[in-house]
2 protein chains.
Amino acid sequence: VTADPAADHPAANAADHPATLAEISPSVDDAVRAAVGAAPAFAATPAAQRRDALYACADALTRAGDELIAVASEETGLTTARLTGELARMTNQLRLLGDFVAAGRHQPGIASPGAAPDGSDLRLIAVPIGPVAVFPASNFPFAFGVFGGDTGSALAAGCPVVIKAHPAHPRTGRRLFEVGAPAFGPGVASMVEGGADVSIALVTAPGIRAVGFTGSYGGGRALIDAAATRNEPIPVYAEMGSLNPVFVLPGAADPANAGALAAAVTGSAGQLCTKPGLVFVPSDAMGFASELAREIAAADVHRMLTPGMADHHADWIAQASKRYDGVAVGTGDPQPVAVVVPAAALDEDPALLDEHFGPSTVIVTAEPAQYASIAARLPGQLTATMHATDADRPAVAALVPALIAIAGRVVYNGVPTGVAVTDAMQHGGPWPASSPSWSTSVGTESVHRFVRPVAIQGLPDGLLD
Amino acid sequence: VTADPAADHPAANAADHPATLAEISPSVDDAVRAAVGAAPAFAATPAAQRRDALYACADALTRAGDELIAVASEETGLTTARLTGELARMTNQLRLLGDFVAAGRHQPGIASPGAAPDGSDLRLIAVPIGPVAVFPASNFPFAFGVFGGDTGSALAAGCPVVIKAHPAHPRTGRRLFEVGAPAFGPGVASMVEGGADVSIALVTAPGIRAVGFTGSYGGGRALIDAAATRNEPIPVYAEMGSLNPVFVLPGAADPANAGALAAAVTGSAGQLCTKPGLVFVPSDAMGFASELAREIAAADVHRMLTPGMADHHADWIAQASKRYDGVAVGTGDPQPVAVVVPAAALDEDPALLDEHFGPSTVIVTAEPAQYASIAARLPGQLTATMHATDADRPAVAALVPALIAIAGRVVYNGVPTGVAVTDAMQHGGPWPASSPSWSTSVGTESVHRFVRPVAIQGLPDGLLD
């Protein structure tokens, strides 16, 4: 997910919405102090109690749904239909994460009876790591918002959270906090607002033990670098976006198949972290490339999240139009756009490999026999996709290891934009898609970011309950 | 584990043992290039084949055991008995890690059938992250050596390794490499030698994807900081030592019990990462404190690993003797030593909380009712131990959460120095014991440091084998 590069600038938060809620902390220090104070008791809560609190939070957010959707739609330009689905995803996610820990599924369940050198028993338990700073995304005001996946997985793990609301939609963030936070005890969920100075203060606060972030490469890297300078470095779990390459194999290069890909590029005005930003098409399938470009340019797209993002998208079109002939630009604001280039252009113009937020994609014509070697040179990705038929099986077999090597999710004959909130989801990948590459910010495995194992050796029964 | 602070200085490696083996790379660049070249094919090997190679390596090391033990004993001063046990630990560890991956136990085994938005199946697989740099320890020439746990877990995961031999025992490192490396294909296991410049070059080499390190805080921090400056930051799995506090509760403060603790302090000349460096004794149990101090001072200890470490230990005794009255110093080189101080000294003299390598401990007399609050103020630890009887159960119940919060392993009525190589071991803990706190460098869970999950969505059967 790419956030508005300007969004963390203090001026972006100088909105006419003063903080009127007592729950929103006036300072990072106060919020972190509250989280540190709440941590031991929250860590000691039975997981079932945390599940109940997550359910109560989800129920409250569901009840306030109409109001939340209206505010978010006004602030973000996202449609009511999209936000209705996203609100359900947010609340289901909170419940799923609560169920996960209540069932003890975050526990290693690993024991080595009698294995200690003195013959005593060893077993591993997972314990919460302590207060977590959460930086919600601009482009998912609910599912990656104030009570999105990072917040939900930290709370499920037993870690208090200090959430820095995203300045692109301040009223949405405040209402989410006001509605959802009372489900938790004092200090367990706090919220702060502000610009880059507040972000750095939060990440470097000694009481914070981990960070969850979804946003741009620049924003993520700034937090990672700040965390690295601490006396006690902490993990920054950052999801920083992706190009999500799609490799169309010859058997699937039928122009009739272009519609689903075009919709994945332009849906939500192309503001999804899993938008296909790079589509490889066989050199001899120009009909497919042309039809895909035409359908993208013809799409009807809604406004972008912020004026800053819209400006960046317009700049990207201007640059691409200057450099390349094969640029299909639609009408509207923003304009949907597809750029068609030969594979050699990727080497000549590395900017084509930068994430470009908005309803845009780069269609690369290439020899399918070169797909694997092209993939091997791409940066780390959240997803990599193949479109193929049975006739393409040998080519697919050759491509699969190359895609596994660069991506966190490998999709066959689907679009990468559908991210299931489930056990087997991996929403993360090699740098710069996420850091560290093993972490996921979606699905139940996300809880593991916020616990650590402790080996219990020789302890009599009944002392851990 | 604390390494000789001087050991990474280039001068420390200016030994009279020229690199005569073709397998030892003349440069970091060559070794990393070989590892990068070998990575895709090694990642594609069936886990059973990696197990077989690890077994072959272990068998070769076992066959060369007598020679390896003789060289290591000469270079390190460790006893033949200790090194005989450690060689078995090293080879069993390689086999255990091979068995672990051959059984597929590093695989998540998590599937979400039909869970993708288009109804297709999702499942998680673990894949190797790529070439790993390994920095063996000074104090375990075998178990944390050239083919120690970091190397073994990286190879088991399917990651080529570039090992920087520890300059404190160069001949041991070379023989280990010469004997063990041929079990693996070209480029899969490489070795380099040198000082701090070589260490930094290795950690910042673009082809390296993770680092395993066991040594001092200073050494670990230097690698962590270097890795953080990379264009693509990588995880540094660093085990940086620990004080391993022991809390003696009133029921267990019988002077007759002091012997096992004294032996844990002085065994291997106090050069274990899990040596009890801080022992809390009830204020009214001075008999126990005195007897423990007496037994430590009376111990017969062998020489330290390097002259530099011996000098540091002597300096520590000199400083402690200047500051405190209750210092029991034995005879020999090094001199075993116990310092007895009241709890208030920990606040007045933070240097007491620095790891002190060698046959030494700090005995702190304190009110048992204060143990939990004292523990809460300690830095992160590999281990925390309680000595208690049933009569102490209420005090133990109060102490357990405090110890879990600061340590990676909590031991009841044992000594922390026995580290079992098993499934339920956690050899790591909150900063500065290790980084990141969830990682372990011992036991089968260590493999997870070197894999990352990939979600496979909708892929037809038979394409991953």
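Nothing here was measured: the structure is a model prediction, and the numbers come from that model. Residue numbers begin at 1 in each chain, while the letters A, B, ... track the order of the sequences.
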*Asks:* Heavy-atom distance under 4.5 Å to chain A: side chain of B/Ser437, backbone, both or neither?
*Replies:*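 For B/Ser437, heavy atoms of backbone and side chain both lie under 4.5 Å from chain A.
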*Asks:* What part of B/Thr229 gets closer than 4.5 Å to chain A, counting heavy atoms only: side chain, backbone, both or neither?
*Replies:*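 Just its backbone gets close to chain A.
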*Asks:* Parallel, tilted or perpendicular for A/His106 and A/Phe100, by the 30°/60° rule?
*Replies:*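 Judged by the thresholds at 30° and 60°, the geometry between A/His106 and A/Phe100 is tilted.
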*Asks:* Below 4.5 Å from any heavy atom of chain A, which atoms of B/Leu403 appear? Answer side chain, backbone, both or neither.
*Replies:*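 When you check distances to chain A, no heavy atom of B/Leu403 falls under 4.5 Å.
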*Asks:* Measure B/Asn231 against the heavy atoms of chain A and call it side chain, backbone, both or neither at under 4.5 Å.
*Replies:*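 For B/Asn231, backbone heavy atoms alone lie under 4.5 Å from chain A.
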*Asks:* Has B/Glu239 got a side-chain atom pairing as donor or acceptor with B/His427's backbone, closer than 3.5 angstrom?
*Replies:*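 No, the answer is negative, given that no donor and acceptor are paired below the 3.5 Å cut-off.
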*Asks:* Do you know which of B/Gly408, B/Gly458, B/Ala228 has the most heavy-atom pairs with chain A at a distance under 4.5 angstrom?
*Replies:*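 Highest number of heavy-atom pairs under 4.5 Å: B/Gly408.
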*Asks:* If you count heavy-atom pairs under 4.5 Å with chain A, which of B/Pro453, B/Ala115, B/Ala397 comes out on top?
*Replies:*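 Of B/Pro453, B/Ala115, B/Ala397, B/Pro453 has the most heavy-atom pairs under 4.5 Å with chain A.
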*Asks:* So which part of A/Ala376 gets closer than 4.5 Å to some heavy atom of chain B, the side chain, the backbone, both or neither?
*Replies:*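 Neither part.
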*Asks:* Examine whether an atom of B/Arg221 lies under 4.5 Å from a heavy atom of chain A, and if so say whether it belongs to the side chain, the backbone or both; otherwise answer neither.
*Replies:*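 Contact with chain A is through the side chain of B/Arg221 alone.
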*Asks:* Side chain, backbone, both or neither: which part of B/Arg230 has a non-hydrogen atom closer than 4.5 Å to chain A?
*Replies:*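 When you check distances to chain A, only backbone atoms of B/Arg230 fall under 4.5 Å.
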*Asks:* As an exercise: rank B/Val400, B/Ile404, B/Thr440 by heavy-atom pairs under 4.5 Å with chain A and give me the winner.
*Replies:*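 Result: the option with the highest number of such pairs is B/Ile404.
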*Asks:* Give, as side chain, backbone, both or neither, the part of B/Ala126 having an atom under 4.5 angstrom from any heavy atom of chain A.
*Replies:*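 The answer is neither part of B/Ala126.
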*Asks:* Ignoring hydrogens and angles, tell me if any N or O in the side chain of A/Arg452 forms a donor-acceptor pair with the backbone of A/Arg449 under 3.5 Å.
*Replies:*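 Pair absent, no side-chain N/O of A/Arg452 close to backbone of A/Arg449.
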*Asks:* Donor-acceptor pair, B/Asp423 side chain versus A/Ala111 backbone, under 3.5 Å?
*Replies:*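 No, B/Asp423 side chain to A/Ala111 backbone: no donor-acceptor pair under 3.5 Å.
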*Asks:* Does B/Pro416 offer a backbone N or O that forms a donor-acceptor pair with the side chain of B/Arg409 under 3.5 Å?
*Replies:*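 Looks like yes, one N/O pair under 3.5 Å.
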